[in-house]
Amino acid sequence: MSQTPGKFITVEGGEGAGKSSNIAFIRKYLEEQGIDVIYTREPGGTPLGEEIRDLLLGHKHDGMSDETELLLMFAARAQHLHQVILPALRQGQWVLCDRFTDASFAYQGGGRGVAWEKIENLQTWLQGDLRPDLTLLLDLSVEVGMDRASKRSTPDRFESEALSFFEKVRDAYLRIAKEQPERVKIVDAGQSLETVQHQIKSILQHYLTNTN
Ligand code: Z5A
């Protein structure tokens, strides 16, 4: 829980899950409810974080170690928390973030095989007890997701991974959702965009009804 006047909502999912397509919808829906919401993303969200994002996603450092990758994710996150997320939440703004620490558990923990406990230690060190108030996990089969994503431009360093990597990422996300059902709500992202947005709307409606 964020324990601040504002609420912290994150959106997660594997390859081709449709985060970009749905985040605009979520933002618009919240604004229509009179909520002051800022949109941000990880890795990134600050000038320093966006430079770290370029290092992480580009192919210049294809030999990057798994530990370096994890620490860079958290370095960008530390700056993001300090400069954007915490100030906004403390001012009562809602923060809508495209990926957060669940992605580190899913990609670096599940995908790369870094020990869960090491990620938990970083989470505790850098976030204290800050966790998202609500996480929408856009879940779909890896095959369908990869097919959707293949229609985009040149694959980045993550998008170049094999199907087995994304299976492990998906399993890790589903493990988190199973362990934290109050916070993490699964959306069946394999449906049409309209149906996906219908599911998202009902999760948000339920959340808003039960908040405050
Ligand atoms: N990463 C990490 O490893 N550890 C961390 O801690 C963090 C991140 C924070 C960049 O993230 C990478 O960073 C990411 C994990 C890693 N790597 N990967 N892969 P990103 O979020 O910026 O990258 P992304 O996954 O590519 O996100 P995206 O751009 O939002 O893509 P998307 O979820 O696939 O969404 P999309 O572009 O909206 O949809 C893809 C296509 O499907 C597009 O053509 C849509 O029109 C289509 N689409 C969407 N929904 C539908 C439906 N319902 N039906 C049919 N077609 C659809």
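Only a predicted model underlies this, so the values are computations on that prediction, with no experimental measurement involved.
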Notebook entry, point to check: Which residues pass the salt bridge (Lys or Arg N to Asp or Glu O under 4.0 Å) test with Arg27, sequence neighbours left out?
Noted result: Glu31
Check: Between Arg148 and Glu143, does at least one N-O distance fall below 4.0 Å, as a salt bridge requires?
Finding: no
Note to self: Atom NE2 of residue position His198 - does it have more than 12 heavy atoms of other residues, nucleotides or ligands inside 6.0 Å?
What the structure shows: no
Note to self: How close do Arg170 and Ser141 get, counting heavy atoms only, and between which atoms?
What the structure shows: NH1-CA, 3.6 Å
Check: Side chain of Thr195, backbone of Gln191: donor and acceptor closer than 3.5 Å?
Finding: no
Check: Does the side chain of Arg90 reach to within under 4.5 Å of the side chain of Leu86, using non-hydrogen atoms?
Finding: yes
Next item on the list: List the atom of Val196, the atom of Ala189, and the distance in Å for their closest heavy-atom pair.
Entry: CG2-CA, 3.8 Å
Item checked: Leu134 and its side-chain contact (heavy atoms from CB on, under 4.5 Å) partner, picked from Thr10, Leu204, Leu96, Val11 -> Leu204
Checklist line | For Tyr173 against Asp102, the heavy-atom pair lying closest together | finding: CE2-O, 3.8 Å
Note to self: Determine whether a donor-acceptor pair (N or O, by modelled atom type, separation under 3.5 Å) exists between the side chain of Thr209 and the backbone of Gln205.
What the structure shows: yes
Check: Checking Glu159 side chain against Asp156 main chain: does a donor-acceptor pair fall under 3.5 Å?
Finding: yes
Checklist line | Within one Ile-Leu-Val-Met-Phe-Trp-Tyr cluster: Leu138 and Tyr207, side-chain cutoff 4.5 Å | finding: yes
Next item on the list: Apply salt bridge (Lys or Arg N to Asp or Glu O under 4.0 Å) to Arg175 and list each qualifying residue two or more places apart in sequence or on a separate chain.
Entry: Glu179
Check: Counting heavy atoms not belonging to Glu182, are there more than 12 under 6.0 Å from its CD?
Finding: no
Note to self: Are Leu89 and Leu126 linked, directly or through intermediate hydrophobic residues, by side-chain heavy-atom contacts shorter than 4.5 Å (ILVMFWY only)?
What the structure shows: no
Checklist line | Side-chain donor or acceptor of Gln33 paired with backbone N/O of Tyr29 under 3.5 Å | finding: yes
Next item on the list: Show the numbers, then the answer: is there a side-chain contact (heavy atoms from CB on, under 4.5 Å) between Met73 and Tyr107?
Entry: CA-CA 11 Å; Met73 291 293 175; Tyr107 284 80; over 6 Å; no
Check: Checking Lys118 side chain against Val114 main chain: does a donor-acceptor pair fall under 3.5 Å?
Finding: no
Note to self: How close do Leu163 and Met146 get, counting heavy atoms only, and between which atoms?
What the structure shows: CA-SD, 3.9 Å
Next item on the list: Decide yes or no for His80 and Thr40: does some side-chain heavy atom of the first lie under 4.5 Å from some side-chain heavy atom of the second?
Entry: yes
Margin query: Side-chain heavy atoms nearer than 4.5 Å, only ILVMFWY residues, links allowed to pass through others: does that put Val84 and Phe74 together?
Written below: no
Margin query: As a test of understanding, state which of Arg99, Arg77, Arg53 forms a salt bridge (Lys or Arg N to Asp or Glu O under 4.0 Å) with Glu42.
Written below: Arg77
Check: Should the pair Phe158 and Phe165 be assigned to parallel (<30°), tilted (30 to 60°) or perpendicular (>60°) ring geometry?
Finding: tilted
Next item on the list: Enter the distance from Leu71:CG to Met64:CE here, rounded to the nearest 0.5 Å.
Entry: 11.0 Å
Checklist line | For the student: nearest non-hydrogen atoms of Ala172 and Phe105, plus distance | finding: CB-O, 4.1 Å
Next item on the list: Classify the side-chain pair Gln127/Thr101 by whether it contains a donor and acceptor separated by less than 3.5 Å.
Entry: yes
Margin query: Could you work out, with ring pair (Phe, Tyr, Trp, His ring centres under 6.0 Å) as the rule, every residue matching Phe25, not counting sequence neighbours?
Written below: none
Margin query: Could you go through Arg112 and Glu161, starting from their C-alpha distance and side-chain angles, then the distance that decides it, and tell me whether this counts as salt bridge (Lys or Arg N to Asp or Glu O under 4.0 Å)?
Written below: CA-CA 11 Å; Arg112 305 282 190 223; Glu161 289 292 337; 2.7 Å; yes
Check: Less than 4.5 Å apart, any side-chain heavy atom of Leu72 and any of Pro43?
Finding: no
Next item on the list: Could you tell me the separation between the SG atom of Cys97 and the CG atom of Leu81, rounded to the nearest 0.5 Å?
Entry: 9.0 Å
Margin query: Could you report the tightest heavy-atom contact between Ile203 and Ile186, atom names first, then the distance?
Written below: CD1-O, 4.4 Å
Notebook entry, point to check: For residues Gln197 and Asn22, is any side-chain donor paired with an opposing acceptor at under 3.5 Å?
Noted result: yes
